[in-house]
Amino acid sequence: MPEPDLTRADGSPLHVLVVDDEVNIAELVAMALRYEGWQVSTAHTGSRAVAAAQQARPDVVVLDMMLPDFDGLEVMRRLRAGDPDVPVLFLTARDAVEDRVAGLTAGGDDYVTKPFSLEEVVARLRALVRRAGALRAATGAQLVVGDLVLDEDSREVSRAGLEITLTATEFELLRFLMRNPRRVLSKAQILDRVWSYDFGGQANVVELYISYLRKKVDAGREPMIHTMRGAGYVLKPAP
């Protein structure tokens, strides 16, 4: 039986779309996920991935960066056109740092490098789904820090009355900061709370997402997100 927090609202299993042009890898990942109780679809090209997503409306996507027709970034753009909030876990080559940065910059939620363990893929998907599920099941409380407002139910964020559009990961990071105003949070604390696992020392992903938030929350305004060198980050009302 699937875990209760890893099911849809109607109790049916969450649906994962696994996209990799290496059939053996796709089937191996699919087998591991089915064993965990997930419903799984597979695709081996970008075009088939887009078609499968339109038909199945997956809750999360495992997406290889390198595909025979078009790359993973283009697949994600097309998927997000139909479902802006679907979490995406990228699969990248171990030495392709630019792929990982490009994937996160384009709005991907996480990545694993090949070769990977199936346990790692499952753990990261669980973290992504719980993160998105926590947003869907939130209580509707509003967090307010200065002129910044975050609604945990509608996922709406605004500053000085102007709407701010965030990805699921950006939302969760900002929510953590807003739940701890004026408190310095270390990269390790942020990784543990927002990404829900040991990121293998890749703390630079925190810097990356902090930079994304600054561009959206602080752009053209008095900054609210501050770096405390050697200690972490803090969010506080603008003076």
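Side chains are part of it too, since the values below use all heavy atoms of this structure and drop only hydrogens, waters and symmetry mates.
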Between Leu213 and Asp218, does the side chain to side chain contact (heavy atoms under 4.5 Å, CB included) criterion hold? Intermediate values first, please. CA-CA 8 Å; Leu213 278 185; Asp218 289 344; over 6 Å; no
With a 4.5 Å heavy-atom cut-off, do Val60 and Leu89 have their side chains touching? no
Between CG on residue Leu63 and OG1 on residue Thr92, distance to nearest 0.5 Å: 11.0 Å
What residues, two or more places apart in sequence or in another chain, satisfy side-chain hydrogen bond (donor to acceptor under 3.5 Å, both in side chains) together with Ser211? none
From Leu17 CG over to Asp59 CG, what is the distance, rounded to the nearest 0.5 angstrom? 11.0 Å
Got a second to check how far Leu174's CG is from Leu166's CG, nearest 0.5 Å? 6.0 Å
Sole residue of Leu148, Leu143, Leu162, Val149 in side chain to side chain contact (heavy atoms under 4.5 Å, CB included) with Val157: Leu148
Where is the tightest heavy-atom contact between Val75 and Gly46, given as atom of each residue plus distance? CG2-CA, 3.5 Å
Could you tell me if the side chain of Pro58 sits less than 4.5 Å from the side chain of Gln39, heavy atoms only? no
Test side chain to side chain contact (heavy atoms under 4.5 Å, CB included) on Val145 and Lys236; report intermediate values, then the result. CA-CA 7 Å; Val145 179; Lys236 54 187 178 182; 5.8 Å; no
Verify side chain to side chain contact (heavy atoms under 4.5 Å, CB included) between Thr42 and Glu27, making sure each step is shown before the conclusion. CA-CA 8 Å; Thr42 59; Glu27 291 304 322; 3.5 Å; yes
Contact between Trp38 and His15 at the side-chain level, heavy atoms closer than 4.5 Å - yes or no? no
Contact between Leu235 and Phe176 at the side-chain level, heavy atoms closer than 4.5 Å - yes or no? no
Atom pair CD/CD1 of Glu170 and Ile164 - distance to nearest 0.5 Å: 10.5 Å
Hey, does Val61 have a side-chain heavy atom less than 4.5 Å from the side chain of Val16? no
Could you tell me which residues satisfy side-chain hydrogen bond (donor to acceptor under 3.5 Å, both in side chains) with Asp147, sequence neighbours excluded, listed by chain and number? Arg159
Are any of the side-chain heavy atoms of Val29 and Phe116 separated by less than 4.5 Å? yes
For Arg214, which residues count as a side-chain hydrogen bond (donor to acceptor under 3.5 Å, both in side chains) partner, sequence neighbours excluded? Thr227
Interatomic distance, Asp64 atom CG to Leu91 atom CG [nearest 0.5 angstrom]: 5.5 Å
Donor-acceptor under 3.5 Å (Arg221 side chain, Val217 main chain): yes
Taking side chain to side chain contact (heavy atoms under 4.5 Å, CB included) as the criterion, tell me which of Lys187, Gln189, His226 meets it with Tyr233. Lys187
Can you confirm whether Lys216 is buried at NZ, in the sense that more than 12 heavy atoms of other residues, nucleotides or ligands lie under 6.0 Å from that atom? yes
Among the clusters formed by ILVMFWY side chains lying less than 4.5 Å apart, do Leu150 and Val144 turn up in the same one? no
Is there a path of hydrophobic side-chain contacts, each under 4.5 Å between heavy atoms, that joins Ile190 and Met228? no
Do Phe70 and Val86 share a hydrophobic cluster (ILVMFWY, side-chain heavy atoms under 4.5 Å, transitive)? yes
In sequence, state the C-alpha distance, the side-chain angles, and the governing distance for Leu33 and Tyr35, and then conclude on side chain to side chain contact (heavy atoms under 4.5 Å, CB included). CA-CA 5 Å; Leu33 293 174; Tyr35 180 79; over 6 Å; no
On a heavy-atom basis, which atom in Ala56 and which in Ser41 lie closest, and how many Å separate them? CB-OG, 4.4 Å
Could you tell me if the side chain of Arg57 sits less than 4.5 Å from the side chain of Asp83, heavy atoms only? yes
Taking only residues two or more places apart in sequence or in another chain, which ones pass salt bridge (Lys or Arg N to Asp or Glu O under 4.0 Å) with Asp69? none
Hits for side-chain hydrogen bond (donor to acceptor under 3.5 Å, both in side chains) against Glu74, two or more places apart or cross-chain, chain-then-number order -> Arg77, Arg78
Just distance, no hydrogens or angles: give the donor-acceptor pairs under 3.5 Å from side chains in residues 19-26, sequence neighbours left out.
unit_1: Asp20; atom_1: OD1; unit_2: Glu22; atom_2: N; d: 2.8
unit_1: Asp20; atom_1: OD2; unit_2: Lys114; atom_2: NZ; d: 3.0

Do Val184 and Leu173 sit in the same hydrophobic cluster, where Ile, Leu, Val, Met, Phe, Trp and Tyr count as joined when their side-chain heavy atoms come under 4.5 Å apart? no
Is it possible for you to say whether Leu28 and Val40 belong to one hydrophobic cluster, with membership spreading through side-chain heavy-atom contacts below 4.5 Å? yes
Are Arg179 and Glu152 ion-paired here, with the side-chain N under 4.0 Å from a carboxylate O? yes
Gly37 and Pro13 have their tightest heavy-atom pair at O-CB, 3.4 Å
Approximate separation, where rounding is to 0.5 Å, of Thr167 OG1 and Arg155 CZ: 8.5 Å
Does Asp151 use its side chain to pair, donor to acceptor, with the backbone of Ser154 at less than 3.5 Å? yes
Quick one: does Asp85's side chain get under 4.5 Å of Arg80's, heavy atoms only? no
